[in-house]
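This report concerns only the one structure given below.
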Amino acid sequence: MEHLASSKHGIKTLSSYYSMVVSSGTDFPLKPVFLRGFSGSLHLVLLFLLLILWVCKKFRVGGGQSTKHRTKSTKFLFSKQTFICSLGVLAFNLALCSLYYFNWYRNGWSEERLVNLLDLALKTLAWIALSVYLFSNFSESEFPYLLRVWWGFYFSISCCCLVIDIILQKKHFSLPIHSLVSDGVSVVTSLFFIYVGIFGNKEGEDSSLEEPLLNGSASVCNNATSNVCKGDETVTPYSNAGTLSILTFSWIGPLISLGNKKILDFEDLPQLDPADSVPAALPTFRNKLESECGTMNRVTTIKLAKALLFSSWKEILFTAFLTLVYSLASYVGPYLIDTFVQYLNGRREFQNEGYILVSLFFIAKLVECLSKRQWYLRMPLIGLRMRAVLVAMIYNKGLTLSCQLKHGQSSGQIINFMAIDAERVGNFSRYLHDPWMVLVQVALALMILYRNLGLAAIAGFIATVVIMLLNFPLGNLQEKLQGKLMESKDRRMKSTSEILRNMRILKLQAWEMKFLSKIIELRKVETGWLKKFLYTKAITTFVFWGAPTFVSVVTFATCMLLGIPLESGKILSALATFKILQEPIYNLPDVISMIAQTKVSLDRIASFLCLDDLQSDCIEKLPKGSSDTAIKIVDGAFSWDISSPTPTLRDINIQVSHGMRVAICGSVGSGKSSLLSCILGEIPKISGTIILCGTKAYVAQSPWIQSGKIEENILFGKEMDRDRYERVLEACSLKKDLEILSFGDQTVIGERGINLSGGQKQRIQIARALYHDADIYLFDDPFSAVDTHTGSHLFKECLLGLLSSKTVFYVTHQVEFLPFAHLILVMKDGRITQAGKYDDILNSGTEFKELVGAYKKALSTINNVRALTVESISISEDESLASKDEVVENEEENMQKGKTDTVGPKGQLVQEEEREKGRVGISVYWKYITTAYGGVFVPFILLAQILFEILQIGSNYWMAWATPVSKDTKAAVGGSTLLFVYVALAIASSFCVLVRASLLATTSYKTATLLFNKMHICLFRAPMSFFDATPSGRILNRASTDQSVVDLNITSRMGSFAFCFIQLLGVIAVMCHVAWQVFVIFIPVVAISIWYEQQYYIPSARELARLRGVSKAPGIQHFAETISGSTTIRSFDQVTRFQDTNMKLSDGYSQTKFYVQGAMQWLGFRLDMLALITFAFSLVFLISIPEGSIDPGIAGLAVTYGLNLNNLQALVIWNLCYMENIMISAERILQYASLQSEPPLLIEPSQPDQSWPFHGEVEILDLQVRYAPHLPLILRGLSCTFPGGKKTGIVGRTGSGKSTLIQTLFRIVEPAAGQIMIDGINISLMGLHDLRSRLSIIPQDPTMFEGTIRSNLDPLEEYTDEQIWAALDKCQLGDEVRKKEGKLDSTVTENGENWSMGQRQLVCLGRVLLKKSKVLVLDEATASVDTATDNLIQQTLRQHFSSCTVITIAHRITSVLDSDMVLLLSHGLIEEYGSPARLLDNKASSFAQLVAEYSTRSNSNLE
């Protein structure tokens, strides 16, 4: 009846309204009902108009040039503002349409109202279509003519409506206020559209002018930092964004829009704000830390944490304020629910109370969303700064760490500090406010509970405290497990790093599978801790997911015991409070885990920063030119190990004037390299004085080459001086090499100079020193790595030529270079036993005489050579030098000068890291999900979560239905039944959580283990070419960072996505059960959300995440290179430059992370707004429906769930995006788990006999070899036979193919054609392990692994101690090892750095003596030892390998003169092959020329 009465009243009002219009003389066309109908028709016309424009555009496409490819792309003026205005009109009309619908649905319909509603509905549809049209045609040159005409009509009708409204208002006719507002808004917006329609077609942007500015910056970047110095020159728009832009994240909109049109790259990203970059943040942090600690070696975890916090205290305080606002706003909803339920039940306090409540709900949620998004952006930004300054501090420490302590800290360990620990500290910033926020939220929850439930709130508080007290044992356990996990990860990474550096020797020795098993064993220890950590986390998850239910059960039970009446409004308010309290309690396990992990990481970083630096005052440096003395050492005593009773060097007294050449010689392990180290300040000084005047340059015994171009390695931070550069290239015999290489000095060198020969690396290193133009030069035996002719040229052109006026110290084993020294220092047992000129000390002591005697003995093999004078032999000066990549062919030698290759950058050996493009494939998800147990646990995990959600909703629905709305209403069930059912449902839901958490932990552990094993098996079976072209930083990044993500994050994140999605479906089900009309708004909101996420956001976010992954590896690689070359960097005073490079790389990584986070919050804000619209719509609907048509308790339940709608919707999308971002780690691991493999290790049918090879005869038949299908042949048809049991020497200029032949013998490189037969068996048909394990090699670069002497000689544990001692005695190391405390268990540090280069070479000899293979290869095996030791080695080999086939590659002619056969290679072809005597008989033979040259040079030097 009330409905009918209200309808009659409405009709009467309408009649009087029309009569008023007619009586005032208004014609029918001016009646509001006509104008509304005309307006609706006009918008219908717009819909057809837009459809016509769309069809025309479709037919026009392809007829002309696409807008994407036009040189000039234009945008109309105010295009963005037009689109925003269109969206505003759309939102306004949608809101009015919804408001009218609900209002008239409750109060009755009329013809006028139907016309108005139809008008608004057509307007809404038309403005949706127009907004879509404007968005999809942003790059059109002008607005369509028809659209501008329509805007004119729209302006006219809007003005008419407003004028009529004003006239009626003046006639004192009561009009709804929203009619005036609506018409007013229409006039203002239509006026704007008229303006842009007239003036908005004049702006044009020439994209051809913009293109170079976007891409040009890449060309100025050097290769070492190419991944980070690329980038837009502009600073991030975030720095200068306005308040509205910051609140709505519009500042990142252009970048996301760009990512929607093209695949983003580094040059598309604007730079970080200067205040957030490392150069700005590091000084502040360092000052804070120094003010806390005084000196760096007193850093503690607490002081380090304080310095990090205080260096960003303003930002932290502001985010704390945002956190507080968020917490307060989030509890407004639960506070108002009881009032809202009572309103729906009919209790009205004042007029329009419903709209006020809806407004309060809306404003609170809006404030909550805004504060949360800003908090979520700013906290990671603080974390980025924290991570960046910690990385800088760790890097700087690694550069200054004393060598003694560096032996205790492997490069893998130090890399972990940067890659994992610093990263974790940065990630903790997200959790920084959570501990105190939980307390605030608990306090707010208690206030609301006390208001609703009185003293029962105290019981709820006690239950909450009990839950929180469980944190302590769980937190302590997780911290302990995390510490153990990191320690085991360190050990694994340490071994992995060492193995990757020495993969070539492992493959040559057939040890790779043994070392793989070592890594697998280390991983088993790690996964043991990982398993415990994951199951502990599962228990924690169970406890805390059940916590809100436990608290609510305790609270409601207390209410019943105390006789406090339970009403549905109060119950729902309490449930909403528990639900919000659920978030911080749910997150508590993660917070505890992160606190534990972060504390462990800070402990590790602090302990590293506390280590002692190199002694800064051990050298007294004088200004250049202030003294005639270049170097003076008085009573010097130095020791690598200060605790050792015997110093490494003692009684050192030398004084060297400027311009002197000082030679240092002595037997292996006598202290030659240590003497250079004390001049550099690398070795700790125990006593004495060192004075140094002038700058210094250093050439290490083991070449240190930086990844990058050859030119960059030579310049090494200096400006280009072309004349000096050319002179240096000439002096170092590098011009021929550069002519051969396709890219010349722009050729990119692989990691550790992997694509260069040993001689080329050494000459580039010498060129670096020469170009530096220092005052003092220190050469640590650089001539041993080059052939005789090149060594003579280098000595003559460099030491006697360019450096004739410089002070030069040179360690050498080549006695022929000693007579040119002004001073010779003879070392023995760490002391200078003789000092003076060559002739003076030759007869004054025994040590030097022994060295020269050994050398003369080696020369005696040449005495029978007929006298060959230099005049009678035309020694070819043409030296063909080539790298592994390129070899010039004979036919090409007469190629005209100036002809250049036009090979693109893809011809370089080392490429920028490849990244997948486009979305992460479904196949990646499927492979990941089905890795563990074929994915059988996945349905059970999902089922457990679905049951949990059903039981949770059921328990809440039960409480809302079974409790009365007010005191006056009778309860549906008794109190005991109410509680019993609720407890039963709570226990069942908790059990579901336990099952889900346990299965998830099991799946996570198993998946991580299987993926790790699969990746490492593929890595160790990958061909050597993969390691040559792939910097170890990339592999380490996958083995550390990506593996860590797979271990701890991916499975839990996939679970979180699934769980949140199921919860969201539950919320939708509850809301739609109460009011199905919510679907009207929910479906378009979901559609827009999915469009935003999948079509607009994901393309940008995905590429940003990949860029982030790619930008991390260069930093790790640069770090690893710096640690290995720290001595060289310090000696050239390049520490500052390397620190700057590290900061740029760190900023590049922070830059990508910042934009990933910004894009995430951009999406989150928009999804929050869409969810807010849905929530507001449902609230308006609930207050608009007639009273009594819905149960207030159930309606309140819908609001309770709706309060969490925006969080859940955002969480679903955020988890989906984050899951795809971190799934890239799995994608990268799977990428390495499908690497191309070498041929099989074992081939059963072709397995040779146990005693093979029988005689060791090696037959080479038409052998052709190239390193890649697109590269030229290196060996071009070799055919010869190495007789079994004989010694064959292989000689030739650098790059002639000697090492390639040996690599082919071991099948490191497979032949392109031809074959190698050993004792009649084709080696290409047998398994690699069978082949390599039956051959022995002493490689050019002596390698020792961290461990013991025993493990280095016998890694496969095949021999007894007696056999090992016998081998040590044979290789002259037995006495040295017996002196050591641990004997065979004596420690070998990383890379064998506590053993000299010569001693390492002798250990390699010991290995082959143990192995006793029938075929032995010596690849320049005696390059690093003195002549006396070389003679001993040769004698040992003759004695113990007399019946074996020995193939020798040597630079010392004396090493091959006693061979049975000599093979001379040139340009990949056999130039000469025969016995030494036969070849020497022919004076014109190339071999005879080499011997004569060596003999002439040596004899002339010794005379």
Completion exercise
From the list Q760, Q765, R768, side chain to side chain contact (heavy atoms under 4.5 Å, CB included) with P703 holds only for Q765
Once you round to the nearest 0.5 Å, how far does [atom1] of [X] lie from [atom2] of [Y]?
X	Y	atom1	atom2	answer
I764	Q762	CD1	CD	10.5 Å
K709	T747	NZ	OG1	10.0 Å
R504	Q1303	CZ	CD	4.5 Å
L676	T1127	CG	OG1	11.5 Å
L1278	L1463	CG	CG	6.5 Å
L738	D745	CG	CG	5.5 Å

Handout entry: Ion pair D773/K806, N-O distance below 4.0 Å
Key = yes
Side chains of [X] and [Y]: does their closest heavy-atom pair fall under 4.5 Å?
X	Y	answer
F820	L799	no
F779	T812	no
I710	I714	yes
L1465	I1470	yes
F1282	Y1473	yes
K672	Q701	no
L778	S1131	no
L1480	S1485	no

Backbone N/O of [Y] and side chain of [X]: donor-acceptor pair under 3.5 Å:
X	Y	result
Y777	A769	yes
E1376	L1373	no
N713	Q706	yes
E1472	L1479	no
S1475	R1478	yes
T695	A774	no
Y771	D721	yes
R763	L794	no
E730	K735	no
E1471	S1486	no

Mind listing the closest non-hydrogen atom pair of [X] and [Y] along with its distance?
X	Y	result
I679	L692	O-CD1, 3.7 Å
A835	L823	C-CD1, 4.1 Å
V1408	S1336	CG1-CB, 3.8 Å
L649	I652	CB-CG1, 4.0 Å
C1404	I1338	CB-CG2, 3.8 Å
V1417	F1306	CG2-CE1, 3.8 Å

Problem - side-chain contact (heavy atoms from CB on, under 4.5 Å) assessment of T1288 paired with S1459 - result: CA-CA 5 Å; T1288 303; S1459 300; 5.9 Å; no
Practice task
Determine, step by step, whether H658 and I776 satisfy the side-chain contact (heavy atoms from CB on, under 4.5 Å) criterion, reporting the C-alpha distance in whole Å, the side-chain angles of both residues, the deciding distance to 0.1 Å, and the verdict.
Solution key: CA-CA 8 Å; H658 288 291; I776 301 166; 5.5 Å; no
Handout entry: Derivation and outcome, side-chain contact (heavy atoms from CB on, under 4.5 Å), residues K718 and R724
Key = CA-CA 12 Å; K718 288 261 185 182; R724 179 171 184 78; over 6 Å; no
Practice task
Before giving the answer on side-chain contact (heavy atoms from CB on, under 4.5 Å), spell out for I1447 and L1305 the whole-Å C-alpha distance, their side-chain angles and the decisive distance to 0.1 Å.
Solution key: CA-CA 11 Å; I1447 302 168; L1305 180 64; 4.0 Å; yes
Practice task
Can you label the angle between the Y810 ring and the F795 ring as parallel, tilted or perpendicular, going by 30° and 60°?
Solution key: perpendicular
